[in-house]
Amino acid sequence: MHDKRFCYFDNNATTQVAPEVVEAMLPVLTEHWGNPSSAYEFGTRVAELIEGARTKAAALINAEPREVVFTSCGTESNNTALSSALRLSPHKRHVITTAVEHSANIKFGRHLIQQGYDVTFLPVESDGSIDIHLLEQALKPETAIVSAMFANNETGVIFPIEEMAAICRYKGVPFHTDAVQTPGKLKLDVKALDIDFLSLSGHKLHAPKGIGLLYVRSGSRLQPYIIGGGQERGRRGGTENVPYMVGFGRAAELAMNSIADENIRVRALRDRLEDTILKTIPGAARNGSRVDRLCNTSNISFPNVEAEAVLKKLDQIGVCASSGSACTTGSLDPSHVLMAMGMSPARALGSVRFSLGIYNTDTDVDHLLAHLPRIITELQAETP
Ligand SMILES: *Cc1c(COP(=O)(O)O)cnc(C)c1O
């Protein structure tokens, strides 16, 4: 294969573990492998490593360390927040979320409906934005919790979380946000946002897969999802995943320092990629708001092609990108996010997401731009 490079434009799916994170984790795997609950020094030293990581993770979102609960992933954090609210108020059987959430919330919401709960999936506008008056109208006395994502993983569109949280606080309903896509891109301040719960995931911020975080505002109650030992102040059972917690802590530090790089350099790469595609490929169109959007994400639809075919051709030249389509029972379903924005199934199925990150360079963008117009033309010629 000529001109084979590896260009990773799928940072919203997962990110490369930062070398600094690996370096921080290694001594925990090789030397500090004691049980943090043990009373002897070989254990208590490990407990200190956890608290160091917790302090760093808390700093990323301006929380107090004791408000941070480590989990196994973003999905667990989201499930924990919703499930806890329902179990703490058994008489409240209504949940509000949005139609464009990650499947962690969409599928959990559908599961709740099967269990007899009432779930509202708030609709979005054609640019992916949300009309917060619909949230006001959807709130009921039986609403146990509202959960809305901070930034969309497919389009990058950002929701007005502070305003949504304020509406919920006024009505006395707990508010959770899935902020998995925001570290390193947006400044996070749970105190200013005035929210109850927030989810993060390690592998979206250059830590490994298998570690997540749930922020629980002090004073907000949490019913543990995993019941066992008294770890995480009784809020999440199971012997702690210390190496990954330490990795998360280091990644949180790096994310705080990479906000400028992401918002200046990565944004410029994304804009050049997107603007050139829209200018050079006839009929190509951006999906989602241009302005209220993460600096790294570009979701583009191409006419008369299937995204899956584009992704296969891109793979042949070493480019990783993705579509929001989901393969269910052998057939390809268009992205629920793009469908909720009112797109036709054909346009949704012809949409590709490019999500950039701190390790991308101008050369990566040049490589993609050198091949993409030809790939699209070739595929369009094959389409009857
Ligand atoms: C990736 C992602 C998740 C799931 O996180 P995991 O750690 O993979 O479970 C949840 N929400 C959003 C917005 C995501 O992008």
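Only heavy atoms go into these numbers, but all of them, side chains included; no hydrogens, no water, no symmetry mates. Order of listing sets the numbers, starting from 1, for every ligand and every atom in it.
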Proximal ligand 1 atoms for H203, defined as those under 4.0 Å from one of its heavy atoms: 6 (P), 7 (O), 8 (O)

A student checking ligand 1 against C73 at a 4.0 Å heavy-atom cut-off should list atoms 6 (P), 7 (O), 9 (O)

What's the shortest distance from [atom] to any protein heavy atom, and which residue and atom give it?
{"atom": "atom 6 (P) of ligand 1", "result": "G74 N, 3.5 Å"}
{"atom": "atom 14 (C) of ligand 1", "result": "K204 NZ, 3.0 Å"}
{"atom": "atom 9 (O) of ligand 1", "result": "T75 OG1, 2.6 Å"}
{"atom": "atom 13 (C) of ligand 1", "result": "D178 OD2, 3.5 Å"}

Over 60° means perpendicular and under 30° means parallel, so classify the ring planes of H176 and F197, tilted if in between. tilted

Under a 4.0 Å threshold between the charged nitrogen and the carboxylate oxygen, would [Y] count as salt-bridged to [X]?
{"X": "R54", "Y": "E232", "value": "yes"}
{"X": "K56", "Y": "E51", "value": "no"}
{"X": "R217", "Y": "E67", "value": "no"}
{"X": "D275", "Y": "R290", "value": "no"}
{"X": "E378", "Y": "R374", "value": "yes"}
{"X": "R45", "Y": "E48", "value": "no"}

When you measure from atom 7 (O) of ligand 1 to each heavy atom in G202, G212, A104, S201, which option holds the nearest one? S201

Is [X] touching ligand 1 with its side chain, its backbone, both, or neither, if touching means heavy atoms under 4.0 Å apart?
{"X": "K209", "value": "neither"}
{"X": "V180", "value": "side chain"}
{"X": "E101", "value": "neither"}

Please tell me whether H203 and T15 have a donor and an acceptor in their side chains that are separated by less than 3.5 angstrom. no

Check: Q181 N/O within less than 3.5 Å of ligand 1 N/O: yes

